[in-house]
Amino acid sequence: MHPGPAGVRRGLLGATVLGVGRRGKYLIFHLNNGRGLVLHLGMSGQVRRFGVDPMHRHEHMRLEFSDGQTLSFVDARRFGRVCVITDGGPLPRCVRGMERLGPEPIEKGYSAAYLGGHLSGRKARVKSLLLDQRVACGVGNIYSDEALHRAGIRPDRQAGSLKPPEVSRLTVALGSVLKDGIRWCGTTMKDGGFVLVDGGVGSFQDRLRVYGREGERCRRRGCVGVVRRQKLGGRSTHFCPACQK
DNA sequence: CTTGTGTCCTGTAGGC
DNA sequence: TGCCTACAGGACACAA
């Protein structure tokens, strides 16, 4: 059923890229043939410009443009996805989650009313719900920990127990953390993470306040807490027991 | 529907 | 030095 590499190639051949967009964690190359190339970087995926280099390790796809330039998709851990979608058509399985994405926390339309509506009455931990792309699209493990810290909320709180001021703070924190991540060109950890198209690295990892900082001092001004790490839903979770309630 | 767990994949780090 | 295990994470399959 899945068209595979040959189908992707067929969908792209001869097409012109009209523009590039993003929705949640999906990148979309809009084409002039009524289709779109969708890329999801997973956790180790990279879009890279290599020029005339020979094939790189873990390079799964290379786009060749009429002017001789190239764009490569590289992904060591193979959690990423590549597929072609048709405008107005049904989405292939591999990107089915795209049609369920909620509003973007960095856009005007995102509100405390929307977030609260998804948290109220829920018994699941608030962090688990933040990882749900219908609730907070674009948020992953790092940014959920950081947003909860900025909002002063423990990640293991029952989502439905959050009071209106907390929901409000979390709404703001989600937007600000994502915007800061973009401002500092993403988070590049020692074992991988985001890499720019020319191979450059981001610097948001230097500004993280809890993620990856177990045993270190909380970075909130005036807080003397020590960051704790705990498994939550199979995910490594970081928080400050002193300033997150 | 809700909630929690397991799986995919590979490079790297740590233990011994 | 080298082998072994644990860990990292996004999205989804699946179970209860």
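Note on naming: letters A, B, ... go to the chains in the order of the sequence lines (proteins, then strands), and numbering restarts at 1 for each one.
Atom C1' of nucleotide B/dT3 and atom NZ of A/Lys127 are separated by 17 Å, given to the nearest angstrom. Atoms CZ (A/Arg93) and C1' (C/dA13) sit 10 Å apart, rounded to a whole Å. Atom pair A/Met189:CE and C/dC7:P shows a separation of 16 Å (rounding to whole Å applied). For the pair A/Leu130 CG and B/dT3 P, the interatomic distance rounds to 14 Å; values are reported in whole Å. One atom, CG of A/Asp75, and another, P of B/dG11, lie 11 Å apart when rounded to the nearest Å. The CG-P distance, from A/Asn141 to C/dA8, rounds to 9 Å in whole Å. The distance from atom CE of A/Met98 to atom P of C/dG10 is 17 Å, rounded to the nearest whole Å. If you measure from atom CZ of A/Arg23 to atom C1' of C/dG10, you get 16 Å, rounded to the nearest angstrom.
Here the nucleotide nearest the side chain of A/Arg235, chosen from C/dA8, B/dG11, B/dT7, is B/dT7. The side chain of A/Tyr26 lies closest to C/dA11, out of B/dG11, C/dA13, C/dA11. Nearest to the side-chain atoms of A/Met43 among the listed nucleotides C/dC12, B/dC8, C/dA8 stands C/dA8. Comparing B/dT3, C/dC12, C/dA8 by their nearest atom to the side chain of A/Arg100 picks out C/dC12. Minimum atom distance to the side chain of A/Arg81 is reached by C/dA11, of the listed C/dA11, B/dT3, B/dT10. The listed nucleotides are B/dT10, C/dC7, C/dC12; the one nearest the side chain of A/Arg77 is B/dT10. Comparing C/dG10, B/dG4, B/dT10 by their nearest atom to the side chain of A/Arg78 picks out B/dT10. Distance from the side chain of A/Lys25 is smallest to C/dG10 among C/dA8, C/dG10, B/dG4. Comparing B/dG11, C/dC12, C/dG10 against the side chain of A/His40 picks out C/dG10 as the nearest.
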Show, in sequence, the C-alpha distance, side-chain angles and deciding distance for A/Asp145 and A/Arg150, and conclude whether the salt bridge (charged side-chain N to carboxylate O under 4.0 Å, His left out) test is met. CA-CA 9 Å; A/Asp145 282 6; A/Arg150 290 187 184 202; over 6 Å; no
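Contact between A/Val74 and A/Arg48 at its shortest, heavy atoms only, is CG2-CG, 4.4 Å. Across every non-hydrogen atom of A/Met61 and A/Val82, the tightest pair is SD-CG1, 3.8 Å.
If you check distances only, the side chain of A/Arg96 never reaches the base of C/dA11 with a donor-acceptor pair under 3.5 Å. Contact annotation: side chain of A/Arg125 to base of B/dG4, donor-acceptor pair absent below 3.5 Å.
In the model, A/Gln69 has a side-chain atom that pairs as donor or acceptor with a side-chain atom of A/Arg49 under 3.5 Å. A side-chain donor-acceptor contact under 3.5 Å links A/Tyr143 and A/Thr187.
Nucleic acid contact class of A/Ser128 (heavy atoms, under 4.0 Å, all strands): none. Note on A/Gly234: nothing from the nucleic acid sits closer than 4.0 angstrom, heavy atoms only. In this structure, A/Arg134 reaches neither bases nor backbone, as no heavy-atom distance under 4.0 Å exists between it and the strands shown.
Contact annotation: A/Lys231 reaches the phosphate of C/dA8 (side-chain N/O to OP1 or OP2, under 4.0 Å). Dashed line: the shortest gap from a side-chain N or O of A/Gln133 to OP1 or OP2 of C/dA11 is under 4.0 Å. For A/His58 and B/dG11, the shortest distance from a side-chain N or O to OP1 or OP2 is below 4.0 Å.
If A/Gly121 and A/Lys190 are placed on DNA chain B by their nearest nucleotide, the residue sitting closer to the 5' end is A/Gly121.
Aromatic ring pairs are classed by plane angle as parallel below 30°, tilted from 30° to 60° and perpendicular above 60°; the pair A/His40 and A/Tyr26 is perpendicular.
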